[in-house]
Amino acid sequence: MSTPVLEARDVSMVFGGLKALKNVSLQLEEGKILGLIGPNGAGKTTFFNCLTGLYTPTTGSVLLKGTTLPGDPAKVTTAGVARTFQNIRLFPSMTVLENVLVGRHVRMKQGPLASLFHGPAYRKGENAAKERSRELLEFVGLSGLEDELARNLPYGDQRRLEIARALATDPAVLLLDEPTAGMNPQETEAARQLIFAIRETGVSVVVIEHDIKFIFGLCDQVSVLVQGELLVEGTPDVVRGDPRVVEAYLGKPPDEVEAEVASVVEEQQHRGAQEGQA
Ligand SMILES: Nc1ncnc2c1ncn2[C@@H]1O[C@H](COP(=O)(O)OP(=O)(O)OP(=O)(O)O)[C@@H](O)[C@H]1O
Ligand SMILES: [Mg+2]
C-alpha cells in the first residue's frame, strides 16, 4: 500500500480528567474523501485540532506524506494541511477578496521588507495573489462578491469563503468541520459538488458532518468516532450496515428501534380508527 497522504498514529487527547480521544489511528489515502462522523462530543473537532497543531496530542503523532507534522498551526498550514472551522472564522470586517488573500499570503515569498517598500517585486506578487484568489472565488461560486464585506454574506456563502481561503494555501489535505451546517438542501448539494471538484484538483479531503446521508453520498471511506474511540471504519456501505453505528446514533440496538417505530405506527393507526368512529 502506498504511503497515506495524512496519517494519525495512536492520537490521544486528555483534558483534565476527560479522555477526549483514545488512541485514534486513521489513514487518508491520496485523492480520497474521508468522512468522520459521530455523536456530539465524540471528539471529532478535537481530532482536527490535533491534526492541525492547535492542540498537542497527549500521545501519538500526525504525519503528512510520511513526515511527522510540527505541533504548530502555521507550520502545519505551510506543510500542506488546511482547514475550515465548525464556528466560521472569517475576518468579518475585511472584504471577501481580502479574506482569501490572507490564505494566499502563506505561499508568498516576499519577506516583510518587500511589503514595507511596496517595490515592483511586491506588486507583481500581490497581483498574482489577487488573480489566484479571484480564481478560487469563482471556483467556490462566489465571483462578483469580491468587494463585499465578509460579514454581509449569507451563512452558506461564508462557509464557501472559508473553503476558498483554505484552498488559497495550496493544501495537499483539506479538513472541513461541518461544512454544511446551517445550509438548505440546495446549498448542501452545491457543497457536495464543490467537495467533489476539490478532490478532482488533487486535494485529499476529510469531512466532519452530522448529516450522514450527505456523508454516505460523498465519501470514499467513513470513520465513526464514539466517545473518543474509533468504533467502525470502512466504505459507506460497510459503515451504514454496521449495527454498532445504528446503536451509537440512536442509542439503542436496531431491533429495539424497529420495535419502537412499529409501536408508534400502531398507536397512530389506533388513534386514526378511533377518530373515524367519533
Ligand atoms: N479545550 C478543551 N478543554 C476541555 N475540554 C474540551 C476542550 N475541547 C473539547 N473538549 C471536550 O472534549 C469532548 C469532545 O469535544 P469535541 O468538540 O471534539 O466534540 P465533537 O465530536 O466535535 O462534537 P460536536 O459534534 O458537538 O461538534 C467534549 O466532551 C468537549 O467538552
Ligand atoms: Mg465539533
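Both counts, for ligands and for their atoms, begin at 1 and track the order of listing.
Counting backbone and side-chain atoms alike, Asn40 contributes no N/O/S atom closer than 2.8 Å to the Mg ion (ligand 2). One of the N, O or S atoms belonging to Gln86 lies under 2.8 Å away from the Mg ion (ligand 2).
One hydrophobic cluster, built from ILVMFWY side chains closer than 4.5 Å, holds both Val100 and Ile195.
Using a 4.5 Å heavy-atom cutoff, the side chains of Val81 and Leu51 are not in contact. Side-chain contact between Arg104 and Asp170 is present, with at least one heavy-atom pair separated by less than 4.5 Å.
Backbone and side-chain nitrogen or oxygen atoms of Phe47 are examined, and none is located within less than 3.5 angstrom of a nitrogen or oxygen of ligand 1.
Of the charged side-chain nitrogens involved, none lies within less than 4.0 Å of a carboxylate oxygen, so that Arg134 and Glu131 do not count as a salt-bridged pair. Using a 4.0 Å cut-off between charged side-chain N and carboxylate O, Glu126 and Arg123 make no salt bridge.
A distance of 11.5 Å separates CZ of Arg165 from CG of Leu101, quoted to the nearest 0.5 Å. Rounding to the nearest 0.5 angstrom, the gap separating the OG atom in Ser25 from the CG atom in Asp10 is 4.0 Å.
Of all protein heavy atoms, the one lying nearest to atom 29 (O) of ligand 1 is Leu18 CD2, 3.5 Å. Residue, atom and distance of the protein heavy atom nearest to atom 17 (O) of ligand 1 are Thr45 CB, 3.9 Å. Looking from atom 28 (C) of ligand 1 to the surrounding protein, the closest heavy atom is Gly41 O, 4.1 Å. Atom 26 (O) of ligand 1 has as its closest protein heavy atom Asn40 ND2, 2.8 Å. Distance from atom 3 (N) of ligand 1 to its nearest protein heavy atom, with residue and atom name: Phe15 CD2, 3.5 Å. Taking atom 27 (O) of ligand 1 as the reference point, the nearest protein heavy-atom neighbour is Gln86 NE2, 2.8 Å.
In this structure, atom 31 (O) of ligand 1 has no protein heavy-atom contact shorter than 4.0 Å.
Which of Asn87, Leu225, Thr46, Val226 comes nearest to atom 18 (O) of ligand 1 through a heavy atom is settled by distance: it is Thr46.
When non-hydrogen atoms are compared, ligand 1 lies under 4.0 Å from neither the backbone nor the side chain of Asn49.
No more than 12 heavy atoms of other residues, nucleotides or ligands lie within 6.0 Å of CG in Asn87, so this atom counts as exposed by the packing criterion.
Those atoms of ligand 1 that come under 4.0 Å of a heavy atom in Glu178, given as number and element, are 25 (O), 27 (O). Listed by number with element, the atoms of ligand 1 under 4.0 Å from a non-hydrogen atom of Ala20 are 12 (O).
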Leu218/Val205 under side-chain contact (heavy atoms from CB on, under 4.5 Å): CA gap, chis, key distance, verdict: CA-CA 11 Å; Leu218 173 76; Val205 185; over 6 Å; no
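Gln158 and Glu162 are not linked by any side-chain donor-acceptor pair at a separation below 3.5 angstrom, with hydrogens and angles left out of the test.
The closest approach between any non-hydrogen atom of Gly38 and ligand 1 is not below 4.0 Å. Within the structure, ligand 1 has Tyr55 among the residues with a heavy atom less than 4.0 angstrom away. Not a single heavy atom of Met13 sits less than 4.0 Å from an atom of ligand 1.
The cationic group of Arg83 lies under 6.0 Å from the six-membered ring centre of Phe85 and within 45° of the ring axis, placing it in a cation-pi geometry.
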